[in-house]
Amino acid sequence: MCGITGFTGKQPALPFLLQGLSKLEYRGYDSAGVTLVNSRKLKTWKAKGRLSELEKLLSRNLTQSCGIGHTRWATHGVPSNMNAHPHMNEEETISVVHNGIVENYASLKEELLAQGYHFQSDTDSEVIVQLLDSYYRRKPVMKDALMRTVKRLEGSYALCVTSIYEPNTIYVAKQESPMVLGRSEEGTFCASDAPALLEYTREILPLQDGQFAILNKDSLEVFDAKGKTVIPQWIHFPYDVQAAQKNGYDSFMMKEIHEQPSVIRETLRGRFHGSRVVLPIIDQLDVDWTTIHQTIFIACGTAYHACVYADILYRRYTGGLSSVIPASEFRYSNPAVDEHTLCVFVSQSGETADTLAALKLAKARGCVTIAVVNVLGSSIARQTDAVLYTAAGPEIAVASTKAYTTQLVLLHVLVLKLAELLQHRVRGITRIIADLKRLPEITEQALETEPEVKKLAHMLKDKNDAYFIGRQLDYPTALEGALKLKEISYVHADAYYAGELKHGPIALIEQDTVVTAIATQPEVCGKTISNIKETVARGANVILITNPDTDAKEFKYVVRIPEVTPELAAIPSAVILQLFAYYGAKEKGCDIDKPRNLAKSVTVE
Ligand code: F6R
């Protein structure tokens, strides 16, 4: 996720570019850059860090009236000046900003290196400008060169191109990454999202996948993948800037819950070849897998719950020995680990102090270390033997949602890869991989339960306690459902293995106690349902989250997940519980994005 702005018109471009980037910082903020154009040359400034670092480099009397800007959230190449956008060709005559992932960048780079091109950055995006340069040299018509370039790109992109050849023109292309256009008396605009435009215009045109646009001072042309002109459907944008940054939702948490289908799609991008998992970073590890005797999953909070899920899967898929432990315990537990141990660290921020300390201990003992992290170049990412990135983009709400489901997905892929390396056949692998690929659609369907979940959350209005139960792969979902609810609604919420209820916690159940039971695992579903009956008999209000075909006639409140292989049911179930927590917090009138006493990244012990 990155943010793009572009302007050409009758005014200096820089004020728009910078204010637009500031409105898009929620899309990424590890580095930023702008290119301004005049007829003789392109001038580019870049800075690592937040936008304010770039602003320090720019003088206010830069009057060029055409330019493009970018705020970055690294996916390939750590945050640095070199890796910041815009990227230029060697002669500095063409400049490009890109949002998205070029899956086939390695083969394109090889091809361009063979043609004599040089690369300055580690990004996938730099191949775009070099490829464009190579086509433009062959036939100096920018529209044609751009169309030929994007035909070669596999993956996702929203990109803007500007050049000295047409100093008042910006070329735009889009595929699976967002891009909106705008126009006013002052000129024409483009940006990754409407908030960047709203101070300047409310006349907005969302560009569609496969479309291109040519922006000039007082004209804007849209055309399709074949180069044919499209009649644009302009809309008058209804929201103010704040609402638009949240995409019309009332909180970042809700926006991020709804982003899950697309970030899961991004996280899975390029991870499969047919029915095989592709994780070259893991293949390249210098490890003799026959010598690995145990695997330990280590993290904190929500990321720890993702580890509980991975631990169960690991034992199921590899038949090997594994365990899961919170980082804050691992670091003080004098663990029996050595070079025969694989430690997997999971973290959204990559900066959590306890997880980092656990990682240092594991490294000191000679363990093999792998990280699953969201923030590229973060401390945990830098210090492990191999790192896999979730593509959740910046998570602004304190309560983690999209980071969690992308962790589940990526850990699932990792465990399948480990099973292959440990030479253990996974039963039903074809079905599992087919459903992993369907997860964006499955998550979309899970979001459709929102109206019914909202009604159910009403039962939390006057409650101070809630319980979540599940068995096997439903247990981490129960843990995460309870954590989400307590974090943002301050309802005291506990999670139990459903079978443990009768060994103590059932004493807490009384008339109208809210119990959420997750029962999606066929081999134990009937058992969990028996446990629920025990609570209903004591007056509990039970919400059952289960499969489409579970016989649940006896229960009043049932939410059904979409049809999915049981190994992946945790993903739609988590989405439903995130919605439940959100609406529970709304019932209580809580500040959803900034719950009391909590910080987004816990960098102290
Ligand atoms: C809960 C939440 C926290 C984090 C935990 C670890 O919604 O966000 O429990 O999961 O503090 O943080 P990371 O994943 O950044 O290591």
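All ligand and atom numbering here is 1-based and tracks the order in the structure. Numbering of residues begins at 1 and proceeds along the displayed sequence.
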Applying side chain to side chain donor-acceptor pair (under 3.5 Å), run through Thr123 and Ser121 and close with a yes or a no. CA-CA 5 Å; Thr123 64; Ser121 76; 2.8 Å; yes
Residue that, paired with Ile296, satisfies side chain to side chain contact (heavy atoms under 4.5 Å, CB included) out of Val324, Leu342, Val344, Val337: Val337
Any nitrogen or oxygen of Thr302, main chain or side chain, under 3.5 Å from a nitrogen or oxygen of ligand 1? yes
So, Gln260 versus Gln578: side-chain donor-acceptor pair below 3.5 Å or not? yes
Which of the numbered atoms in ligand 1 are under 4.0 angstrom from any heavy atom belonging to Ser349? 13 (P), 15 (O), 16 (O)
If the contact criterion is a heavy-atom separation under 4.0 Å, does Asn374 count as touching ligand 1? no
Of all the atoms in ligand 1, which lie at a distance below 4.0 Å from a heavy atom belonging to Val398? 7 (O), 8 (O)
With heavy-atom distances below 4.0 Å as the criterion, list the atoms of ligand 1 near Lys484. 1 (C), 7 (O)
Taking the six-membered ring for Trp, are His503 and Tyr496 ring centroids under 6.0 Å apart? no
Taking 4.0 angstrom as the limit and counting only heavy atoms of Ala303, give me the atoms of ligand 1 inside it, by number and element. 10 (O), 14 (O)
In terms of the angle between their ring planes, are Tyr314 and Phe297 parallel, tilted or perpendicular, with boundaries placed at 30° and 60°? perpendicular
Ligand-residue contact atoms, ligand 1 with Ala399, heavy atoms, under 4.0 Å: 7 (O)
Quick note on ligand 1: atoms under 4.0 Å from a heavy atom of Glu487 include exactly 1 (C), 2 (C), 7 (O)
So if I count the atoms of ligand 1 from 1 in the order they appear, which ones are less than 4.0 Å from some heavy atom of Ser400? 7 (O), 8 (O)
For Gln348, the atoms of ligand 1 under 4.0 Å from one of its heavy atoms are 13 (P), 14 (O), 15 (O), 16 (O)
Aromatic ring centroids of His258 and Tyr249 under 6.0 Å? yes
Side chain to side chain contact (heavy atoms under 4.5 Å, CB included) with Thr267: which of Thr406, Leu408, Val413? Thr406
Indicate yes or no: at least one non-hydrogen side-chain atom of Lys402 is less than 4.5 angstrom from one of Glu395. yes
If the contact criterion is a heavy-atom separation under 4.0 Å, does Glu351 count as touching ligand 1? no
